[in-house]
**Student:** 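Before I ask anything, here is the structure I am working with.
We count residues from 1, following the sequence as given. Excluded from the calculations below are hydrogen atoms, water molecules and symmetry mates; all remaining heavy atoms, backbone and side chain alike, are included.
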Amino acid sequence: MRSQDLKDKPVAQFKMNPHIVKTYEEELDQLSAEVVLMGGLAEAQVADAVEAVARRDVALAQSVVQRDHKLDELEKDVERKCIRLIALRQPMADDLRKTVAAMKIATSLERIGDLAKNIAKRALVIAEAEPMSPLTRSIERMGKLVSSRLRDVLDAYKGGRQDLAQSVWASDTEVDEHYNALFRELLTYMMGDPRTISACTHLLFMAKNLERIGDHATNMAEHIHYELTGEDYVEDRPKGDTLHTS
């Protein structure tokens, strides 16, 4: 088209087609909805894994392990949609932050699913050992705390609530403190009765997995904060005196 032809055309003809804009917004909404769906599945996985430990429920633990593939598939789908949207739509500012946050949060949720699966696998082993009710109750308490953090951060994402994301981010220390207390409790049991070492080791890994789920919830809170404000947290993440174990 010649430059003169461009000058002769009305300005209105160069405006974005409303249908294209609507479709673009629908793609972003669909992306967010899929991440919310992932969040619901991940939350259920964590809650069921912890319940399987508390109730020594073999069938429930097996169900958690079997359901993990769904989160893997959704995470890959979200990633593909994000890459496609960035490549074809070239989002900027708020839309770009929303797209990148969706991809990062989906990754955290997939990893949370993996950690829940690991807890469930160890629950299957624990179910074959002698009951250790005081310790499994400690795991249950920590699991409920972590589940509440996960629920809050998902509500923050769904509702666009920066204040709720900030609350989750600021409370990371509480999860660390529960982990440290449980770590010491398990060591005390193992030193007092060497026959409990095997079961306590599995419980220790469960506690570490829960602590990592709490870390992922905090990561998600940071992504939500950046999506909504365009700014990173300037202060260091609050952390307890965590005992680092693999």
**Student:** Check this for me: does any side-chain nitrogen of one of Asp114 and Arg111 sit under 4.0 Å from a carboxylate oxygen of the other?
**Tutor:**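 Between Arg111 and Asp114 there is no salt bridge, as every charged N stays at least 4.0 Å from the carboxylate O atoms.
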
**Student:** Are Val46 and Val64 grouped together when hydrophobic residues (ILVMFWY) are joined by side-chain heavy atoms under 4.5 angstrom apart?
**Tutor:**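 They do not share one cluster, since no chain of ILVMFWY contacts under 4.5 Å joins Val46 to Val64.
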
**Student:** Are any of the side-chain nitrogens in Glu211 or Lys208 under 4.0 Å away from the carboxylate oxygens of its partner?
**Tutor:**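 Lys208 and Glu211: salt-bridged.
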
**Student:** Contact between Glu75 and Leu71 at the side-chain level, heavy atoms closer than 4.5 Å - yes or no?
**Tutor:**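 Of all side-chain heavy-atom pairs linking Leu71 with Glu75, none is under 4.5 Å.
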
**Student:** Do Met142 and Val153 sit in the same hydrophobic cluster, where Ile, Leu, Val, Met, Phe, Trp and Tyr count as joined when their side-chain heavy atoms come under 4.5 Å apart?
**Tutor:**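 Same cluster.
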
**Student:** Would you check if the side chain of Ser147 reaches a backbone N or O of Gly143 as a donor-acceptor pair within less than 3.5 Å?
**Tutor:**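 Yes, Ser147 side chain to Gly143 backbone: donor-acceptor pair under 3.5 Å.
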
**Student:** Tell me the closest heavy-atom pair linking Val53 and Ala123, and the distance in Å.
**Tutor:**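 Looks like CG2-CB, 3.7 Å.
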
**Student:** Hey, could you give me the CE/OG1 distance between Met191 and Thr196, rounded to the nearest 0.5 Å?
**Tutor:**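 It comes to 10.5 Å.
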
**Student:** Should Met190 and Leu182 be counted in the same cluster of Ile, Leu, Val, Met, Phe, Trp and Tyr side chains packed under 4.5 Å apart?
**Tutor:**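 Yes, Met190 and Leu182 fall within the same hydrophobic cluster.
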
**Student:** Without hydrogens or angle criteria, can the side chains of Asp172 and Thr218 be said to hold a donor-acceptor pair below 3.5 Å?
**Tutor:**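 Per modelled atom types, Asp172 and Thr218 side chains form a pair under 3.5 Å.
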
**Student:** Is the closest side-chain donor-acceptor distance between Glu185 and Ser138 under 3.5 Å?
**Tutor:**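 Judged by distance alone, the side chains do pair up.
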
**Student:** Can you see which heavy atom on Ala120 is nearest to which on Val65, and at what distance?
**Tutor:**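 Closest heavy-atom pair between Ala120 and Val65: CB-CG2, 3.9 Å.
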
**Student:** Check this for me: does any side-chain nitrogen of one of Glu174 and Arg149 sit under 4.0 Å from a carboxylate oxygen of the other?
**Tutor:**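 Arg149 and Glu174: salt-bridged.
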
**Student:** Closest heavy-atom contact between Ala102 and Tyr157?
**Tutor:**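 Scanning both residues completely, I find the closest heavy atoms to be CB-OH, 3.9 Å.
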
**Student:** Quick check for you: to the nearest 0.5 Å, what is the distance between Tyr226 atom OH and Lys104 atom NZ?
**Tutor:**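 Tyr226 atom OH to Lys104 atom NZ measures 8.0 Å (nearest 0.5 Å).
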
**Student:** Looking only at atom types and distance, does a side-chain atom of Arg97 sit under 3.5 Å from a main-chain N or O of Glu227, one as donor and one as acceptor?
**Tutor:**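 Yes: the side chain of Arg97 pairs with the backbone of Glu227.
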
**Student:** Run the side-chain contact (heavy atoms from CB on, under 4.5 Å) test on Leu203 and Met206 for me, step by step, so that the C-alpha distance in whole Å, both residues' side-chain angles and the decisive distance to 0.1 Å come before the verdict.
**Tutor:** CA-CA 5 Å; Leu203 291 168; Met206 289 180 188; 3.9 Å; yes

**Student:** Hydrophobic cluster membership, with links at side-chain heavy-atom distances under 4.5 Å among I/L/V/M/F/W/Y: are Leu154 and Val100 in one?
**Tutor:**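 No, Leu154 and Val100 fall in different hydrophobic clusters.
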
**Student:** Are any non-hydrogen side-chain atoms of Glu34 and Leu74 less than 4.5 angstrom apart?
**Tutor:**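 With C-beta onward as the side chain, the pair touches.
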
**Student:** Does the side chain of Gln162 pick up a donor-acceptor pair with the side chain of His225 at under 3.5 Å?
**Tutor:**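 Yes, side-chain donor-acceptor contact under 3.5 Å.
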
**Student:** Do Leu85 and Cys82 have side-chain heavy atoms sitting under 4.5 Å apart?
**Tutor:**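 Heavy-atom side-chain distance check fails, nothing below 4.5 Å.
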
**Student:** Quick one about Arg122 and Asn118 (side-chain donor to acceptor, distance below 3.5 Å, no hydrogens or angles considered), yes or no?
**Tutor:**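 A donor-acceptor contact under 3.5 Å links the two side chains.
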
**Student:** Is there a continuous path of hydrophobic side-chain contacts, each under 4.5 Å between heavy atoms, that joins Leu164 to Leu150?
**Tutor:**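 No, no single cluster joins them.
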
**Student:** Does CZ belonging to Arg67 count more than 12 external heavy atoms closer than 6.0 Å?
**Tutor:**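 Buried by this count: over 12 neighbours within 6.0 Å.
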
**Student:** Answer yes or no: is there an ion pair linking Asp155 with Lys158, defined by an N-O contact shorter than 4.0 Å?
**Tutor:**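 So Asp155 pairs with Lys158 through a salt bridge.
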
**Student:** Applying side-chain contact (heavy atoms from CB on, under 4.5 Å) to Glu51 and Asp57, what does each step give before you reach the verdict?
**Tutor:** CA-CA 8 Å; Glu51 187 174 355; Asp57 191 327; over 6 Å; no

**Student:** Starting at CZ of Arg212, measure out to CD1 of Ile119 and round the result to the nearest 0.5 Å.
**Tutor:**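 Arg212 CZ to Ile119 CD1: 11.0 Å, rounded to 0.5 Å.
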
**Student:** Is any side-chain heavy atom of Val50 closer than 4.5 Å to a side-chain heavy atom of Leu210?
**Tutor:**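 Side-chain contact under 4.5 Å: yes.
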
**Student:** Where do Gly39 and Leu109 come nearest, in terms of heavy atoms and distance?
**Tutor:**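 Closest approach of Gly39 to Leu109, heavy atoms only: N-CD1, 3.6 Å.
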
**Student:** Looking at Asp72 and Lys76, does any basic side-chain N land under 4.0 Å from a carboxylate oxygen?
**Tutor:**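 Not counted as a salt bridge, because no side-chain N and carboxylate O are separated by less than 4.0 Å.
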
**Student:** Give a yes or no on whether a salt bridge exists between Asp29 and Lys98, defined as a side-chain N under 4.0 angstrom from a carboxylate O.
**Tutor:**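 So Asp29 pairs with Lys98 through a salt bridge.
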
**Student:** CG/Leu204 to OH/Tyr179 distance, rounded to the nearest 0.5 angstrom?
**Tutor:**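 That separation rounds to 5.0 Å.
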
**Student:** List the steps, then state whether side-chain contact (heavy atoms from CB on, under 4.5 Å) holds for Ser198 with His202.
**Tutor:** CA-CA 7 Å; Ser198 178; His202 285 293; 4.3 Å; yes

